[in-house]
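In this chain, residues are counted from 1 in sequence order.
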Amino acid sequence: MKSWLLIGSKIVAALWIFVASIAAISLWRTNADSSIVGFFWEFCKVVLGPFVGAGLAFIVNDYVHKERKTEEEKSAARTAAFSIRAMYDDFTNYRYVIRYETASLHQKHSRWPDGPAPIWAYAKPLIFTFSSNSLPDLKTLQFLLAHPEGQVAFTKMQVLERAYKDLANAHTFYIETSEALQNKIENIEPGASWQVDADAIGPRLTAKARDALLAILIRINDEQLYLDTRDSLAQAATAYFKGKLTIGEIAVHNEKLKTENLPSLPEHIAQCLKNEQ
């Protein structure tokens with residue numbers, strides 16, 4: 001609103017000066033020597049007219065440029081908010097898949113007579129895609145660095161981007177390792193003990209499978225990072241755009257995906273995670 005009033009006042013002032021000048025010149029032209037007035041009149045048309053027109057054009061173009069720049073920056077902030085939401089959705093869905101598969105395998109493994117299944121036995125190939133399109137374009141958010149709140153938000157966006165990529169890379173390693181593990185298990189006689197299985201698979205692959213699963217389970221505890229990054233972006237947008245842009249909340253709407261409703265981890269795996277952290 002203030003920007004409209006400012007540009008309007010500038011235009012009105014320029015027009016008032018121009019109209020007043022024309023009126024004064026016209027009055028003088030009526031009462032003064034015609035040759036002098038004619039010369040001065042032509043001078044005003046040639047010199048003052050273009051000057052006033054150029055001034056008005058500059059003011060309008062400057063305003064249009066600033067408005068276009070502001071809209072582009074708002075669009076970049078909204079797009080970043082959607083990127084955070086997309087990454088958060090991937091995170092919560094993947095977390096549920098891993099926890100659900102681990103809990104399902106625990107029920108299956110609990111029927112074995114020789115005690116709790118080793119952690120490597122919970123590694124299982126699964127299909128999930130992390131989209132690179134979900135990543136924010138940080139170059140378009142550099143304007144936020146003009147404010148302290150924007151600097152905090154920009155830094156958190158960088159950290160979140162690395163965390164999301166790290167989770168995707170850990171998933172790739174997990175899939176490769178679990179597929180190799182399953183190929184080995186297929187050649188083992190059914191009903192063998194966990195120790196027999198481990199000996200047949202080999203210590204290197206069982207260790208890789210264990211580490212791959214634990215790496216995933218550790219990384220799916222980063223939910224607060226997504227929420228904090230969204231909050232920081234919202235604060236930065238409020239400071240930069242002076243309250244003219246609101247960044248929406250992100251939340252889990254599917255009840256089964258909420259942290260408190262996730263399937264529980266087997267006790268020995270949960271204890272191992274505590275030791276790892």
Side-chain angles (χ1 to χ4, degrees), residues 75-110 117 119 121-137 141 153 156-179 212-238 245-274 276-277:
S75 178
R78 293 190 191 98
T79 302
F82 280 116
S83 294
I84 295 174
R85 178 55 193 258
M87 291 188 290
Y88 183 62
D89 286 344
D90 284 349
F91 171 85
T92 54
N93 280 285
Y94 185 66
R95 178 180 63 178
Y96 175 78
V97 170
I98 289 292
R99 292 284 291 267
Y100 176 82
E101 291 295 337
T102 304
S104 298
L105 284 173
H106 182 62
Q107 291 182 347
K108 176 182 176 182
H109 294 334
S110 63
I119 295 176
Y122 289 87
K124 177 184 178 181
L126 52 88
I127 298 174
F128 195 90
T129 302
F130 290 90
S131 175
S132 59
N133 294 329
S134 299
L135 296 173
D137 185 358
L141 298 173
K156 288 191 175 183
M157 290 285 287
Q158 289 179 313
V159 173
L160 180 62
E161 181 183 39
R162 288 195 294 268
Y164 182 83
K165 288 181 177 179
D166 184 50
L167 179 59
N169 291 334
H171 169 70
T172 299
F173 176 69
Y174 173 74
I175 293 303
E176 293 172 352
T177 304
S178 58
E179 286 178 347
L213 178 58
L214 291 178
I216 292 294
L217 294 174
I218 289 172
R219 284 162 175 77
I220 59 175
N221 287 326
D222 290 339
E223 180 179 12
Q224 196 59 42
L225 176 60
Y226 294 81
L227 302 177
D228 289 347
T229 302
R230 176 268 158 204
D231 291 344
S232 292
L233 179 62
Q235 293 169 8
T238 298
L245 179 66
T246 302
I247 301 297
E249 298 281 346
I250 59 173
V252 178
H253 299 292
N254 189 332
E255 289 295 322
K256 72 178 183 180
L257 301 182
K258 292 184 177 180
T259 304
E260 60 271 20
N261 296 330
L262 293 173
S264 300
L265 289 172
E267 185 177 346
H268 65 297
I269 294 181
Q271 185 60 48
C272 184
L273 286 174
K274 289 182 181 180
E276 291 284 338
Q277 296 174 335

Partners meeting side-chain contact (heavy atoms from CB on, under 4.5 Å) with Gln235 (sequence neighbours left out): none
Interatomic distance, Asp222 atom CG to Leu227 atom CG [nearest 0.5 angstrom]: 11.0 Å
Audit row: Leu233, Arg230, side chain to side chain contact (heavy atoms under 4.5 Å, CB included) steps and yes/no: CA-CA 5 Å; Leu233 179 62; Arg230 176 268 158 204; 5.8 Å; no
Counterpart residues, side-chain hydrogen bond (donor to acceptor under 3.5 Å, both in side chains), relative to Arg85 (two or more places apart): Asp89
Would you tabulate the side-chain donor-acceptor contacts of residues 265-273 under 3.5 Å, counting partners in other chains and residues two or more places apart, or write 'none'?
from, atom 1, to, atom 2, distance (Å)
His268, NE2, Ala117, O, 2.8
Gln271, NE2, Asn275, OD1, 3.4

Phe173 CZ: over 12 foreign heavy atoms closer than 6.0 Å: yes
Interatomic spacing from OG1 in Thr102 to CD1 in Ile216 - rounded to 0.5 Å: 10.0 Å
Spatial distance of atom CD1 (Ile119) from atom CG (Leu213) [nearest 0.5 Å]: 7.5 Å
Separation between CG of Leu167 and OG1 of Thr172, rounded to the nearest 0.5 Å: 9.5 Å
Side-chain touch Pro136/Phe82, heavy atoms, less than 4.5 angstrom: no
Contacts of Tyr94 that satisfy ring-ring contact (aromatic ring centres under 6.0 Å, His included) - sequence neighbours left out: Phe128, Phe130, His171
Side chains of Lys156 and Asp231 in contact at under 4.5 Å (non-hydrogen atoms): no
Check against side chain to side chain contact (heavy atoms under 4.5 Å, CB included), Val159 and Leu225: CA-CA 9 Å; Val159 173; Leu225 176 60; 4.1 Å; yes
Results of salt bridge (charged side-chain N to carboxylate O under 4.0 Å, His left out) for Glu255 - residues two or more places apart only: Lys258
Results of side-chain hydrogen bond (donor to acceptor under 3.5 Å, both in side chains) for Asn261 - residues two or more places apart only: none
Residues which pass salt bridge (charged side-chain N to carboxylate O under 4.0 Å, His left out) with Lys256, listed by chain and number, not counting sequence neighbours: none
Separation of Thr229 OG1 from Gln224 CD (nearest 0.5 Å): 9.5 Å
Listed partners of Asp166 passing salt bridge (charged side-chain N to carboxylate O under 4.0 Å, His left out), at least two apart: Arg219
Test side chain to side chain contact (heavy atoms under 4.5 Å, CB included) applied to Ile98 and Leu126, step by step: CA-CA 9 Å; Ile98 289 292; Leu126 52 88; 3.7 Å; yes
side-chain hydrogen bond (donor to acceptor under 3.5 Å, both in side chains): pairs with one or both residues in residues 122-131, sequence neighbours excluded: Glu101-Lys124, His106-Tyr122
Salt bridge (charged side-chain N to carboxylate O under 4.0 Å, His left out) against Arg99, all qualifying residues, sequence neighbours excluded: none
Closest non-hydrogen atom pair, Asp90 against Ser134: OD2-OG, 3.7 Å
Nearest heavy-atom neighbours spanning Ala251 and Tyr88: C-CE2, 4.0 Å
Residues forming a side-chain hydrogen bond (donor to acceptor under 3.5 Å, both in side chains) with Glu176, sequence neighbours excluded: none
Minimum-distance pair of heavy atoms, taken over all atoms of Leu135 and Ser83: O-OG, 3.9 Å
Minimum heavy-atom distance Val252-Leu257, with the two atoms named: CG1-CB, 3.5 Å
Least distance between heavy atoms, Ala77 atom then Leu245 atom: CB-CD2, 3.7 Å
Listed partners of Tyr174 passing side-chain hydrogen bond (donor to acceptor under 3.5 Å, both in side chains), at least two apart: none
Heavy-atom closest contact (Ile247 atom, Ala237 atom, distance): CG1-CB, 4.0 Å
